[in-house]
Number of protein chains: 2
Amino acid sequence: MEVKLSSLALTPRSLDHQAADVIRQQILSGSFPPGHRLIETQLAEALDLSRGTVRSALQQLTYENLVVQLPYRGWLVPPLRSQGAWELYTLRSGLEGLAARLAAMAISPEKATLLERSFQQLVDAAQRGDRNAVNEFDFGIHKTIIQLTEHRRLQQQYKIIEQQIRLYITACNTLLEFDLTEIANQHQSMVKAICCGNASLAQQIAQDHSTADGETLVNYLQESEARNSK
Amino acid sequence: MEVKLSSLALTPRSLDHQAADVIRQQILSGSFPPGHRLIETQLAEALDLSRGTVRSALQQLTYENLVVQLPYRGWLVPPLRSQGAWELYTLRSGLEGLAARLAAMAISPEKATLLERSFQQLVDAAQRGDRNAVNEFDFGIHKTIIQLTEHRRLQQQYKIIEQQIRLYITACNTLLEFDLTEIANQHQSMVKAICCGNASLAQQIAQDHSTADGETLVNYLQESEARNSK
DNA sequence: ACAATTCCAATTGTCAACAATTTACAATTG
DNA sequence: CAATTGTAAATTGTTGACAATTGGAATTGT
């Protein structure tokens with residue numbers, strides 16, 4: 001009974017990466033809300049780290065769009081804008097559509113089984129009427145699809161998109177309104193299309209679904225912006 | 001005659017950003033070829049900068065996939081792999097397709113004029129038989145389409161994709177083989193579809209075209225990898 | 001009273017030194 | 001001769017101090 005030692009390898013995790021994790025969590029949990037100014041010296045003191053390490057952490061977060069750097073002037077959790085929401089949801093629809101297409105092109109019985117299992121979780125949650133769980137399994141299905149594509153960059157990009165969508169949902173305090181039956185039906189036809197290798201249909205269904213979600217949020221933010229400009 | 005001073009505003013460009021520009025150029029020009037190890041101390045000496053500043057520059061380049069960080073062990077220009085090429089081209093097709101769809105949905109006479117002008121440059125280059133120019137204007141059309149969408153994130157993402165495709169082309173020393181007439185025809189039908197607002201057709205054509213390009217490069221790299229594994 | 005200028009504290013950007021980890025190679029052991 | 005250990009050099013990660021920039025308050029000028 002051999003344990004393969006290379007699978008137990010420990011990876012040292014540098015302080016700047018750890019600091020980025022902590023700051024990311026503060027942002028995603030709402031403790032650092034959109035528009036919040038991030039001061040290096042304060043963060044360095046709070047984290048008991050050197051300011052240079054904090055700078056490195058903040059820079060990492062700029063590439064996740066969780067932080068914006070204003071050179072020589074500071075760092076900021078970006079305010080939520082309808083334009084940003086639109087960009088986020090269109091990109092989401094594009095990436096989810098691409099993933100569905102690629103998965104359909106590379107489908108196998110084993111992959112189909114994984115996908116159907118993931119879909120079943122969504123159906124169960126919808127039948128329980130558990131909106132939070134439905135939202136989670138909605139993301140879960142798409143993550144499964146992306147895993148099936150074995151496309152590492154797509155996984156990375158999707159992770160960033162997902163984080164940001166969660167941020168918008170938390171900050172706007174909206175759980176998006178959706179019809180539970182409709183969600184399950186849409187995903188069923190998408191899962192079917194993928195499993196029988198129909199790439200263009202799978203893509204079409206996948207992107208249509210997230211487009212509808214996005215419009216609700218964009219409208220909400222547009223109204224909010226119109227109110228604030230008076 | 002008033003010159004609007006705010007349009008002349010100078011933006012201080014920090015040394016780390018400047019260093020990133022220099023290193024990026026070295027990578028894209030082939031001076032730091034795929035697989036090349038990047039040593040902080042050497043770069044710092046060559047650029048007459050502090051090593052911390054170079055670290056910051058390298059970190060910026062990791063988010064463009066031009067550099068990979070191996071924590072505690074170094075930085076590397078990533079080797080070119082067929083898997084990486086596949087991911088790059090599929091992502092390109094997805095983003096170009098999304099851009100075509102969004103542009104078609106938001107088309108106006110002014111935008112159509114811009115797009116047709118861009119297309120005309122491609123046609124002229126094809127008629128001259130100038131392959132380099134055709135390749136440039138191929139990118140040029142897609143950049144125009146993305147500008148028409150007014151989608152900032154898409155522009156950012158496409159820029160990174162474009163850089164990397166240029167890197168693959170330079171490093172593999174292949175100018176992709178393509179039929180000049182076919183290129184012009186494909187782009188004509190795509191431009192038509194966008195200008196008359198046919199979003200799904202525009203997307204379909206856009207993504208099919210870059211998929212074909214990508215397959216050639218992926219095949220080339222797979223053969224190269226098969227040779228090197230003996 | 002208002003605009004322009006100056007001053008200074010707060011903050012960001014960079015640096016060189018110290019700390020920590022990895023690599024390569026020589027020496028030792030089995 | 002192969003495997004293991006030890007160690008110095010190379011390199012990466014972090015730090016605190018100095019340099020540079022910005023924004024807002026105070027002062028000056030009209």
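Computed over heavy atoms, backbone and side chain alike; hydrogens, waters and symmetry mates excluded. Protein chains get the first letters and strands the later ones, always in sequence-line order, with residue 1 at the start of each.
- Looking only at side-chain heavy atoms (C-beta outward), B:Gln59 and A:Asp16 come within less than 4.5 Å of each other.
- Protein chain A contacts DNA chain C from C:dT11 to C:dT22, reading 5' to 3' and using non-hydrogen atoms of the protein with a distance under 4.0 Å.
- Although no hydrogens or angles enter the test, the distance criterion places a donor-acceptor pair under 3.5 Å between the side chain of A:Asn219 and the main chain of A:Glu215.
- If you run side-chain hydrogen bond (donor to acceptor under 3.5 Å, both in side chains) between A:Tyr158 and each of A:Glu96, A:Gln147, A:His142, only A:Glu96 comes through.
- Atom P of nucleotide D:dT11 and atom CD of B:Gln69 are separated by 16 Å, given to the nearest angstrom.
- Between the C1' atom of D:dT14 and the CD atom of B:Gln59 lies a distance of 14 Å, rounded to the nearest Å.
- Within the structure, every side-chain polar atom (N or O) of A:Thr53 is placed at least 4.0 Å from both OP1 and OP2 of D:dG13.
- Listed pair A:Arg51 / D:dG16 fails the phosphate criterion, with no side-chain N or O lying under 4.0 Å from OP1 or OP2.
- Protein atom CD of B:Glu40 is 11 Å distant from nucleotide atom P of D:dT14, rounded to whole Å.
- Backbone-only engagement by B:Gly74 is indicated by non-hydrogen atom pairs under 4.0 Å involving sugar-phosphate atoms exclusively.
- Side-chain atoms of B:Leu221 and B:Arg81, non-hydrogen and from C-beta on, never get closer than 4.5 Å to each other.
- In this entry the distance linking CG of A:Leu49 with C1' of D:dG13 reads 12 Å, nearest Å.
- Nucleotide D:dG13 holds its C1' atom 14 Å from the CZ atom of A:Arg13, rounded to whole Å.
- The aromatic rings of A:Tyr63 and B:Tyr63 lie parallel to each other, with less than 30° between the two planes, well short of the 60° mark.
- Base pairing of C:dG30 is made with D:dC1, judged by Watson-Crick or G-U wobble geometry with both donor-acceptor distances under 3.5 Å.
- In this structure, CG of B:Leu76 is placed 14 Å from C1' of D:dT11, rounded to the nearest angstrom.
- Regarding B:Trp75, its CH2 atom lies at a distance of 21 Å from the P atom of D:dA10, rounded to whole Å.
- Looking at heavy atoms from C-beta onward, B:Leu61 lies in side-chain contact with B:Arg24 at the 4.5 angstrom threshold.
- Note on residues 70-80 of chain B: pairs passing side-chain hydrogen bond (donor to acceptor under 3.5 Å, both in side chains), not counting sequence neighbours, are B:Glu40-B:Trp75.
- As judged by a 4.0 angstrom heavy-atom cut-off over every strand, A:Leu70 is placed among residues making no nucleic acid contact.
- Sequence order on DNA chain D of the closest nucleotides to A:Ser14 and B:Gln42 puts B:Gln42 first from the 5' end.
- Residue contacts shown for A:Thr41 include a base, since a base heavy atom lies under 4.0 Å away.
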